[in-house]
Amino acid sequence: MRRFVLQQDSGNPRGEDYRIAYADLLNEKQHAAVMHENGPALVIAGAGTGKTRTLVYRVARLVEDGVPPSSILLLTFTRRAAREMLDKAALVLDERCSHVRGGTFHHYCNQLLHMHADRIGFPDSFTLLDQSDAADAVHLARAPLAAQLRGKRFPQKNTLLAMFSASVNRQLPLYEMLASAYPQFLSHHDAIEEVQKRYSEYKSDNAVMDFDDLLVQTYRLLQHDEDIRRKVAKGNRHVMVDEYQDTNRLQADLAKLFSSEHKNLMAVGDDAQSIYAFRGADFRNILDFPDQFDHCRIIRLEENYRSVQPILDLSNTLMNKASQKFNKSLFTRKEGGDLPGLVRAPCERDQSRFVSQMLLQLREQGISLGDIAILFRNGRDSYDLEWELNRQNIPFQKFGGQKFAEAAHIRDVLSHLKVIVNPDDQIAWSRVLLLLDGIGPKTAQELISWLRKNRSRDFLDSGLVSRSYQKQLEKLSVVLAELAGFRDQPGNAVEAIVAYYKPICSKRFDDHPKRIKDLEAFSGLCSGYSNLDQLLQELALDPLDATAMDTEGTRKDEEPLVLSTIHSAKGLEWDTVFLIQCLDGIIPSGYALDDPGDLDEELRLLYVACTRARERLFISYPVTKESSYGDYFSNPSRFLNDVAEDVLEPWQLEEEPGRKQLKENN
């Protein structure tokens, strides 16, 4: 009998002769995480310890070992993060890594639901409600109760939506959620529950889902359909979840279901950076992970590649105060570094003067303004500093702002596309019709009811059309018919609707030239999508950030200083960081003082702020604060009270000799 030995098509299943020298490129703990074979694993990745690098090389190692890329699932909290990791993996190995499935929980759930929508009673053409549309749908559900609630303080649509979302993400009954987070509305529990029921019925009747439904419906699908669960889980040989400390209970349960056949789930995160409880993140997910999986391996990444040791010493000291944590101690091989400074300012004005003058000194030493950040707890905490920066002509950029797809003119255009993909989308139809002169909410609702009943877009047959807006409806009918023919050509579809919408835009907005630039740029972006369904899903799941209105500079200048809340700064780093307004009542928040769990989260917030700095860290606070009742004395954060001076160096501000009037004059 003749024999023929088949060679491996790709990969390296026995781990021999890797193309990548993993042991040389990674430290011992990173290497252990990358080479972990099968079974559950928890990687505790301290700030700046190379978490992303570890995930990148783990993806490459799995592919190099012959694991089919399509059977590797990498879940991150932004699609950009997943894309960047997979691009880096492709660079260190080859293009096979680009075929690994990566994205957010919502993105992956959206894909699963579109494949199996019929199993949960939805058409596969269902569309997603963005935050604004979801709030409008809640408003429709709330409206029938308005009369009986007149004269009472009943929550508005955005508050109601936040309530429903919190109940879902924390997996709490509505009553318990109201009692803990909205006690002022607890007496309205029955009415709020009725709105929630009507909102759910609206979504079902109109074949739409909000972001929370993507998680809820996927969990429902996998829990109650064993064939689908087995099929999905068998396809996931390895599941990795980044930023596991930021998952909510539902996401943690989904991760278990996604990996329920092969049991190869790796959770990567840092308990010390869990700061999103207000979004539903559950700190217990990462703490309890080893107890939820038999034979779970715990790997601690503690070597820091970002900060000098004095900054790490302060960070370690702070986290030692936490009542619940994984023990770890960050260290670095970098030498030198100044002690972090604790700057005691007589008042808020002097705090701002210190920051601005120190900024200018650092700039003269060759440190770019763009590599310096001012961090604070709340957006209002920087108001006085912003005034001083403007006075000193120091350019800055404050993090935050409206998403591109949330701008009114972009939502107007998208609504026309939504009614093509999902003719049952009542919110989209309402927005389209209310753009026309002469059509108000009552007429729009009558037209929508007729359209849904007759499954037609030919308004002129409805018998409801007035001469005052007949020509406008004729134009709309023509453009909608044109869009229907461009369903697989998103670029052409958007060009057509933008051409139709420009005169409307010019009438509606004083700044219409800039908005039209937005629309023209948006039209170019859309040509990269394969069809309208994909375009709408992608924009809902991952809205673009910038618009021509807020990116068009009025003058050229150097890269600006960064002003940011601590929450927005997570995951970023700068050469120098100033943390201002580090006061008791702010960090920690006054609302957290009675709950040990809340206090721990406040401590982690301070830890996150400190670990953003590479070389220099200044923590400042004003001794006196102003209020509507007059000046009062304040105290520095209680978390700093017993930190030794050889860990956090006190700074005292003094007026320049002969210039004592400076403070009064300013």
Side-chain angles (χ1 to χ4, degrees), residues 129-133 135-137 139-140 157 401-421 423 425-451 457-460 462 464-486 490-526 532 535-536 539 543-552 554:
L129 294 172
D130 61 24
Q131 193 76 4
S132 297
D133 284 347
D136 289 343
H139 181 69
L140 288 176
K157 61 182 182 179
Q402 187 181 52
K403 296 286 187 182
F404 184 76
E406 293 171 357
H409 53 304
I410 301 297
R411 292 183 64 211
D412 289 345
V413 167
L414 289 176
S415 292
H416 291 79
L417 305 181
K418 287 179 180 179
V419 300
I420 299 299
V421 173
D425 191 335
Q426 186 175 342
I427 295 294
W429 271 120
S430 179
R431 193 174 189 96
V432 166
L433 292 171
L434 290 175
L435 291 173
L436 307 182
D437 293 337
I439 295 183
K442 183 175 182 295
T443 302
Q445 190 56 52
E446 290 174 349
L447 287 168
I448 292 168
S449 298
W450 183 89
L451 291 169
R457 285 193 293 267
D458 195 344
F459 305 97
L460 304 182
S462 67
L464 301 169
V465 179
S466 164
R467 288 185 180 180
S468 63
Y469 50 80
Q470 180 175 344
K471 288 186 178 180
Q472 294 181 78
L473 281 178
E474 288 175 352
K475 289 180 181 179
L476 177 60
S477 296
V478 169
V479 78
L480 291 178
E482 187 177 5
L483 293 180
F486 287 143
N492 292 339
V494 174
E495 282 185 14
I497 193 61
V498 167
Y500 162 81
Y501 178 74
K502 279 182 179 179
I504 298 174
C505 183
S506 298
K507 288 182 180 179
R508 284 170 60 85
F509 302 107
D510 291 337
D511 58 352
H512 60 86
K514 292 180 180 178
R515 292 180 185 263
I516 288 173
K517 285 184 182 179
D518 270 351
L519 295 171
E520 291 169 348
F522 180 55
S523 180
L525 291 172
C526 293
L532 292 182
L535 170 66
L536 292 173
L539 286 178
L544 302 169
D545 286 319
T547 70
M549 289 180 290
D550 53 38
T551 59
E552 186 175 47
T554 56

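Only this structure's heavy atoms are used, side chains among them; waters, hydrogens and symmetry mates stay out.
Considering only heavy atoms from C-beta on, L435 stays 4.5 Å or farther from Q472 through its side chain. Residues D412 and R515 form no side-chain contact, since every pair of their non-hydrogen atoms from C-beta on lies 4.5 Å or further apart. Contact of the V494 side chain with the F486 side chain is not registered, since no non-hydrogen atoms from C-beta on lie closer than 4.5 Å. Side-chain contact between E482 and I497: absent, with no pair of heavy atoms (C-beta onward) separated by less than 4.5 Å. Counting heavy atoms from C-beta on, the side chains of V478 and E474 never come closer than 4.5 Å.
If you take CG on D130 and CD1 on I410, they are separated by 12.0 Å, rounding to the nearest 0.5 Å. We find the NE2-CD1 distance between H409 and I516 to be 9.5 Å, quoted to the nearest 0.5 Å. Put simply, CD on E495 and CG on L519 are 12.0 Å apart, with the number rounded to the nearest 0.5 Å. Atoms CD and CG, from Q445 and L140 in turn, are 7.5 Å apart once rounded to the nearest 0.5 Å.
Across every non-hydrogen atom of P490 and C526, the tightest pair is CB-O, 3.5 Å. Summarising the geometry of L532 relative to A493, their closest heavy-atom pair is CD2-CB, 3.8 Å, with the distance given to 0.1 Å. In terms of heavy-atom proximity, K507 sits nearest to D437 at NZ-OD2, 3.6 Å. Residue G440 comes nearest to L434 through the heavy atom pair C-CD2, 3.5 Å, listed as atom of the first residue, atom of the second, then distance. Contact record, A137 with I427: N-CD1, 3.7 Å, taken as the closest heavy-atom pair. Here the closest heavy-atom approach between residue I448 and residue S430 is recorded as CD1-N, 3.6 Å.
A salt bridge is defined here as a Lys NZ or Arg NE, NH1 or NH2 lying under 4.0 Å from an Asp or Glu carboxylate O, and R411 with D133 meets this definition.
I439 is linked by a side chain to side chain contact (heavy atoms under 4.5 Å, CB included) to L433, L436, T443, A444, L447, Y469, L473, counting only residues two or more places apart in sequence or in another chain.
In this structure, the side chain of S506 engages the main chain of K502 through a donor-acceptor pair within 3.5 Å. At least one donor-acceptor pair closer than 3.5 Å links the side chain of W429 to the backbone N or O of P423.
Residue Q131 qualifies as open at atom CD: its count of foreign heavy atoms under 6.0 Å is 12 or below.
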